[in-house]
Amino acid sequence: MPELPEVETTVRGLARFLDGERITRVRVNRADLRRPFPPELVQVLTGAQVTGLGRRAKYGLIHTDRDQTMVFHLGMSGRWRIDPADADRHDHLVLETAHNRFALCDPRRFGSVDLVETGELDCWAPFAALGPEPLGDEFSATYLKSALIGRKQAIKLCLLDQRIVAGLGNIYVCEALWRAGIHPRKAGGKVTRPQLERLVPAIRLVLEQSIRDGGSTLRDYAAPDGALGYFACSFDVYGREGEACHRDDGGVIRRFAQGGRSSWFCATCQR
DNA sequence: CGTGTGCCCTGACAGC
DNA sequence: TGCTGTCAGGGCACAC
């Protein structure tokens, strides 16, 4: 699930129950995901008050009054379960407040949990390397143009590169390229100015719509069974191999591999 | 430096 | 019913 809109939805869902609360108990069932948890995690979080939540790229942020921020990444399969009825064998970390329980569940364990000094988040190595937020002011056609100059790599792969723009994943890159009418294999440096002028709003729109859809399922997210709200997704290209292009241009959606991952596109309207 | 490859891990699903 | 192969929304180390 976790691209930028899913992380944003997750953070908003957590904030409703966690913001301002004191963490009364921390249980670690398995102390490593992609890398080991910080050794001081339990000590720092136990008794800490949550002072705010946030997001950077695909990372979620839980700020505390200990001047430490818990930074989590959901990898491919991670999610937070609120007040789960039953334990899941992949609930690796469980936080408790006076009112709720929050279980970080990640079967594939591609995610991560870190503690970072709140004042030094921007210079934390994984964050320092990130490009601008796609929903922020810094992200524009002019910025993209300069970031893509001389790039021979396919635009699809450029947009997945978190150093160029931070938070896009496979689904939304495929969707945004379709909306902008750009072939995923086109070299980044050869994408024209008019195409970039279409691409930037296409990216913004697809992310904003997904966040809105995710937001509408927040009730499910908070349900006692802890199910994460799934988007009622209606994709235009992702996973639609062999089906007709939604532009009704006679094109059929095709799939091919790029950088070891699937790309879907319409050869009729994406150039 | 830019670019390409393989791997981390578990679960779901298709095909036999 | 069970086996096997393939694929999955991410990121990183490493080779050239």
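Nothing here was measured: the structure is a model prediction, and the numbers come from that model. First the proteins, then the strands, lettered A, B, ... as listed; each starts at 1.
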Separation of A:Met76 atom CE from C:dT6 atom C1', in whole Å?
13 Å

May I have the step-by-step check of side-chain contact (heavy atoms from CB on, under 4.5 Å) for A:Leu4 and A:Tyr172, ending in yes or no?
CA-CA 9 Å; A:Leu4 185 155; A:Tyr172 297 111; over 6 Å; no

Using a 4.0 Å heavy-atom cut-off, does A:Arg261 contact any base of the nucleic acid, only the sugar-phosphate backbone, or nothing at all?
base

Nearest-Å distance, CG (A:Leu160) to P (C:dG10)?
7 Å

Rounded interatomic separation in angstrom, taking CD from A:Gln258 and P from B:dT5
12 Å

Looking at every strand, decide which applies to A:Ser262 at a 4.0 Å heavy-atom threshold: base, sugar-phosphate, or nothing.
sugar-phosphate

Could you check whether the rings of A:Phe72 and A:Trp80 sit parallel, tilted or perpendicular, using 30° and 60° as the cut-offs?
perpendicular

Is the distance from OP1 or OP2 of B:dC1 to the nearest side-chain N or O of A:Arg151 less than 4.0 Å?
no

What I want to check is whether the side chains of A:Thr142 and A:Arg193 have a donor and an acceptor closer together than 3.5 Å.
yes

Could you tell me how far apart A:Arg108 (CZ) and C:dT6 (C1') are, to the nearest whole angstrom?
12 Å

Do A:Arg240 and A:His246 have a side chain donor and acceptor closer than 3.5 Å?
yes

According to a cutoff of under 5.5 Å between the ring centres and under 30° between the ring planes, does A:Phe110 stack with the base of B:dC9?
no

Contact under 4.0 Å: A:Gln162 side-chain N or O vs C:dG10 OP1/OP2
no

Within a radius of less than 6.0 Å around CD of A:Glu138, do more than 12 heavy atoms belonging to other residues, nucleotides or ligands occur?
no

Can you tell me how far C1' in B:dT3 sits from the matching atom in C:dG9, rounded to whole Å?
23 Å

Residue pair A:Arg34/A:Arg89 against DNA chain B: nearer the 5' end by closest nucleotide is A:Arg34

Under 4.0 Å from OP1 or OP2 of C:dG9: is there any side-chain N or O of A:Tyr238 that close?
yes

I want to check one thing: is the phosphate of B:dG11, taken as OP1 and OP2, less than 4.0 Å away from some side-chain N or O of A:His90?
yes

Just the rounded figure in Å: distance from P of C:dG11 to CG of A:Asn170.
11 Å

Choosing from C:dG9, B:dC9, C:dC12, which nucleotide comes nearest the side chain of A:Glu6?
C:dG9

Tell me if the side-chain of A:Gln153 makes a donor-acceptor pair with the base of B:dG2, cut-off 3.5 Å, by modelled atom types.
no

What is the separation between atom CG on A:Leu74 and atom P on B:dT10, rounded to the nearest whole Å?
18 Å

Heavy atoms under 4.0 Å, any strand shown: does A:Arg35 hit a base, just sugar-phosphate, or nothing?
nothing

Distance-only side-chain donor-acceptor flag, A:Thr118 / A:Asp67, under 3.5 Å:
no

Within the pair A:Lys58 and C:dG9, is there a side-chain N or O less than 4.0 Å away from OP1 or OP2?
no

Under 3.5 Å, which donor-acceptor pairs do the side chains of residues 152-160 of chain A form with other protein atoms, sequence neighbours left out?
unit_1	atom_1	unit_2	atom_2	d
A:Gln153	OE1	A:Arg151	NH1	3.3
A:Lys156	NZ	A:Asn170	OD1	2.8
A:Lys156	NZ	A:Ser262	O	3.3
A:Lys156	NZ	A:Ser263	OG	2.6

d(CZ, A:Arg30; C1', B:dT10) in whole Å
11 Å

With heavy-atom distances below 4.5 Å as the criterion, would you say the side chains of A:Glu96 and A:Thr24 are in contact?
yes

Once pairs are restricted to Watson-Crick or G-U wobble with both distances under 3.5 Å, how does DNA chain C read as a dot-bracket string, [ ] for crossings and | for other-strand pairs?
.|||||||.|||||||

What nucleotide, of C:dC7, B:dT3, B:dG4, holds the atom closest to the side chain of A:Arg255?
C:dC7

Between atom NZ in A:Lys156 and atom C1' in C:dG10, what is the gap in whole Å?
13 Å

What integer number of Å spans the P atoms of B:dC9 and C:dC14?
16 Å

